[in-house]
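Structure, as structure tokens:
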Amino acid sequence: MKKIVFLLITCFSIAAQAQDLPYSQQMALTAMRMWPDSFSSAPGNPARWSYDQGVILKGIEGIWQATGDAKWFNYIEHSMDHYVREDGSIKDYDIDHYNIDHLNNGKALLTIYRVTGKAKYKKAIELLRSQLLKHPRTKEGGFWHKQIYPWQMWLDGLYMGQPFYAEYAQVFGEDTIFNDVTRQFVLMEKNSRDPKTGLLYHGYDESRTQQWADKTTGRSPHFWARALGWYGVAMVDALDYFPADHPGRQQIIEILKRFATAVVKVQDKKTGMWYDIVDLPNRKPNYLESSATAMLSYTLAKGARKGYIAQSFATHAKKAFDGLVKYQLTKDDKGFTNLEGTVTVSGLGGKPYRDGSFEYYMREKVKQNDPKGMGAFILAANEIEMMPKLSVGKGKTVLLDNYFNNEWQKGPGGEQQPFHYIWTERDNNGYYFLGNLFEQYGATLNTLKAAPSKANLSGASVFIIVDADTEKETAQPHYMNESDASTIASWVKSGGVLVLLGNNSVNAEQEKINLLAAKFGIKFNGDDQLMVKGNNYEQGAVMIDKGNPVFKSADKIYIKEISSLSVHPPATSILKKGFDVMAIANYGKGKVFVLGDPWIYNEYVDGRKLPAEYQNFAAAGDWVQWLLRSAKK
């Protein structure tokens, strides 16, 4: 609770200078002022387990990843703790309602669980997942939007359920889920897409019994903007968790390509925004709608950044976001940023009955600071704010070794999973934050599970080898040998950037890895330096001198339990503390960076543990930029 009180004090003190903050943070501060402890869609009403909150929290998660400031994560955890009890039950959640909207907050729970490992979050996640085991489906296998809306699929529901479902599959090792996730997107497009425009109708009734449903196609009458937005966000977010070789991944990408092509055709040329009913801009009283514009901006920006769709779509995303800033942002008298022009809700059927007509959509209330719009705006802002940095790593791949470092443990679902310094690992020992930093600078991530070869290194710009295994860590470790070392050195000589991250004497293999390090004039001494006792952080403090060739934004960092280095030409030491801490080397057209510690793993870069005086996140950003700019491939 003390963290949240401090956060809110910070929130109000920052508001006066909010114009100096990125738009993502400006909007997040408004949200935290409105909902400091729990979530209520209307002031004075009891807090409800609502999908709206999940949209905001997912946006705030992106701010945390962009800043390394733990106050954003603390807000997410505090918000969910209002609902999640110690036994994993969820206040105000009833599984028997079979409402797919109620799964959306599971994304926030997955984030918190993956970071903290707390059992109550795992139990709550498994409770939400169990809903999908019995959730009613169409005859083709599509999830009903809600039990009270039988035989119906809505575009909205793909966002509410599928990114959560896909991430669950990745984390809990339930791979068959990816087939089901793919099916949901395929069925939605098959049954809702208009062949003439390529746009998707808001909903589809398999039974053809609803008043709003076309008796031949089952489709609702109109293309509602936010429904399109939900569907787009669902695709780019669900793809984050798909295995690279799963056929469903490419199927969803092809749907996304068709979707993106269709929606930009109905983007308003003047403002960059989308009308509430996207294909009827001249029909009164149609209006430009904020939440949909933000969602479609996010979809197009992220889709382009990830390479799913053409880079030209990023221009449409930027124009949409600029339209929101110009036409829909206002300031209040306390300096907080507000978002105008979001429709509160639009649905089909129910009581009173919503017939899906144009007149119906126009009757729904439009308001300031609707949480769906605010959350979507934060998501879009996160993407747009990355754009100036993306050129640094554009077209470059960062390859992380999972051969010399190949540790396994039992995962949350009981299956064996790789862990320790891998991209997808979000607990203290993972490289999720580091991977996200590389992506913020436009790079693509990949993992090498086999021995290095000319072929499998050829597509890499940066190759990271970290914490080579001992027999204590892996039953049959893959030790560095002269052949592998020569292959890697040849790759560096041709323009690659190699990163060698070791560890202190007892935590990494020391002798064989030096076969590779020695080629560049460097040796891991295999000793124990910066041995920090408890939280005596100063024992791991390392100062960075001005003019450091790598680190430009930080002057004090934290490193613990490392091996010192011996450095000889062509290598040079770039950081010392009575001994050589870090070294770099030019080798042919390439470069090498060496440190006797894994260093930039989540625990020491995500802001949750280190005092703010240790600038590891800023240093990590400098390091990532240096690596990417140094790569000639």
Side-chain angles (χ1 to χ4, degrees), residues 7 10 14 17 20-25 28 60-74 115 381-382 385-393 398 421 423 426 428 430-443 445 462 464 466 497 499 501 530 532 535 537-560 562 573-577 581-584 591 593-595 597-631:
L7 174 61
T10 303
I14 286 174
Q17 294 83 36
D20 298 324
L21 293 173
Y23 285 115
S24 57
Q25 295 184 42
I60 289 176
E61 179 185 338
I63 298 174
W64 175 46
Q65 292 166 358
T67 63
D69 188 336
K71 68 171 177 276
W72 305 108
F73 176 84
N74 293 337
V115 170
N382 288 335
E385 287 156 12
M386 281 188 221
M387 284 184 173
K389 304 188 293 186
L390 296 179
S391 61
V392 175
V398 181
Y421 314 123
W423 295 136
R426 301 200 63 172
N428 282 346
Y431 270 166
Y432 184 87
F433 243 78
L434 175 61
N436 194 272
L437 267 173
F438 276 115
E439 290 189 322
Q440 287 177 40
Y441 285 97
L445 307 181
V462 179
I464 301 174
V466 54
V497 173
V499 177
L501 300 176
L530 304 179
V532 177
N535 290 334
Y537 295 112
E538 276 301 305
Q539 292 179 324
V542 179
M543 305 305 295
I544 299 174
D545 294 332
K546 300 295 183 185
N548 188 284
V550 175
F551 303 105
K552 309 296 184 184
S553 303
D555 51 33
K556 184 178 184 180
I557 60 175
Y558 177 82
I559 317 176
K560 64 175 289 191
I562 76 170
S573 177
I574 64 164
L575 201 63
K576 296 175 179 284
K577 188 171 181 177
V581 176
M582 297 182 188
I584 60 174
K591 290 184 183 290
F593 176 97
V594 182
L595 164 65
D597 188 69
W599 186 41
I600 302 294
Y601 46 99
N602 297 332
E603 183 176 11
Y604 297 115
V605 76
D606 71 6
R608 297 174 56 247
K609 180 170 182 174
L610 286 183
E613 66 188 279
Y614 300 99
Q615 300 163 308
N616 280 26
F617 184 82
D622 290 340
W623 185 60
V624 162
Q625 292 180 75
W626 182 84
L627 294 173
L628 292 172
R629 289 192 169 114
S630 298

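What you see is a predicted model, and the numbers here were worked out from it, not measured in a lab. Position 1 is the first residue of the sequence, and the numbers go up from there.
To the nearest 0.5 Å, the span separating CE on Met582 from CD1 on Ile559 amounts to 4.0 Å. Atom CG of residue Asp20 and atom CD of residue Gln25 lie 11.5 Å apart, to the nearest 0.5 angstrom. Gln615 CD to Phe551 CZ: the interatomic distance, rounded to the nearest 0.5 Å, is 12.0 Å. One distance of note links CD of Gln65 with CG of Leu437; it measures 9.5 Å at 0.5 Å rounding. Between Glu538 atom CD and Tyr558 atom OH the span is 10.0 Å, to the nearest 0.5 Å. Here the CZ-CG distance, from Arg608 to Asn602, works out to 9.0 Å after rounding to the nearest 0.5 Å.
Between Phe438 and Trp423, the ring-plane angle classifies as perpendicular under the 30° and 60° cut-offs.
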(request) Give the C-alpha distance, both sets of side-chain angles, the deciding distance and a yes or no for side chain to side chain contact (heavy atoms under 4.5 Å, CB included) between Lys591 and Leu627. (result) CA-CA 9 Å; Lys591 290 184 183 290; Leu627 294 173; over 6 Å; no
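Annotation for Trp626 and Phe593: closest pair CZ3-CB, 4.0 Å, computed over non-hydrogen atoms. Pairing each heavy atom of Ser573 with each of Leu575, the nearest pair is OG-O, 3.5 Å. Closest of all the heavy-atom pairs between Val532 and Gly540 is CG2-N, 3.6 Å. Minimum heavy-atom separation, Lys560 to Asp597: O-OD1, 3.1 Å. A pairwise comparison of heavy atoms in Ala443 and Leu628 identifies CB-CD2, 3.9 Å as the closest pair. Closest non-hydrogen pair, Val605 versus Ala620, comes out as CG2-CB, 3.9 Å.
Proximity of Leu434 to Trp623: side-chain heavy atoms (C-beta onward) are separated by under 4.5 Å at one or more points. For the pair Trp599/Leu501, no side-chain contact is recorded, criterion being any heavy-atom separation below 4.5 Å from C-beta on. Side-chain contact check for Phe73 versus Asp606: every heavy-atom pair is 4.5 Å or farther apart. Contact check for Glu439 versus Leu445: side-chain heavy atoms found under the 4.5 Å cut-off.
The backbone N or O of Tyr604 lies less than 3.5 Å from no partner atom in the side chain of Tyr614, so there is not a single donor-acceptor pair. Checked by atom type and distance alone, the side chain of Asp622 pairs as donor or acceptor with a backbone atom of Lys552 at under 3.5 Å. In this structure, the side chain of Glu385 does not engage the main chain of Pro22 through any donor-acceptor pair within 3.5 Å. A donor-acceptor pair is defined here as one N or O able to donate and one able to accept, closer than 3.5 Å; such a pair exists between the side chain of Lys577 and the backbone of Ala541. For the pair Asn616 (side chain) and Ile600 (backbone), a donor-acceptor distance under 3.5 Å is absent.
For Tyr23, the OH atom sits in a loose shell: 12 or fewer heavy atoms of surrounding residues, nucleotides or ligands are nearer than 6.0 Å.
Only one option out of Phe617, Phe433, Trp72 pairs with Trp64 in a ring pair (Phe, Tyr, Trp, His ring centres under 6.0 Å); it is Phe433.
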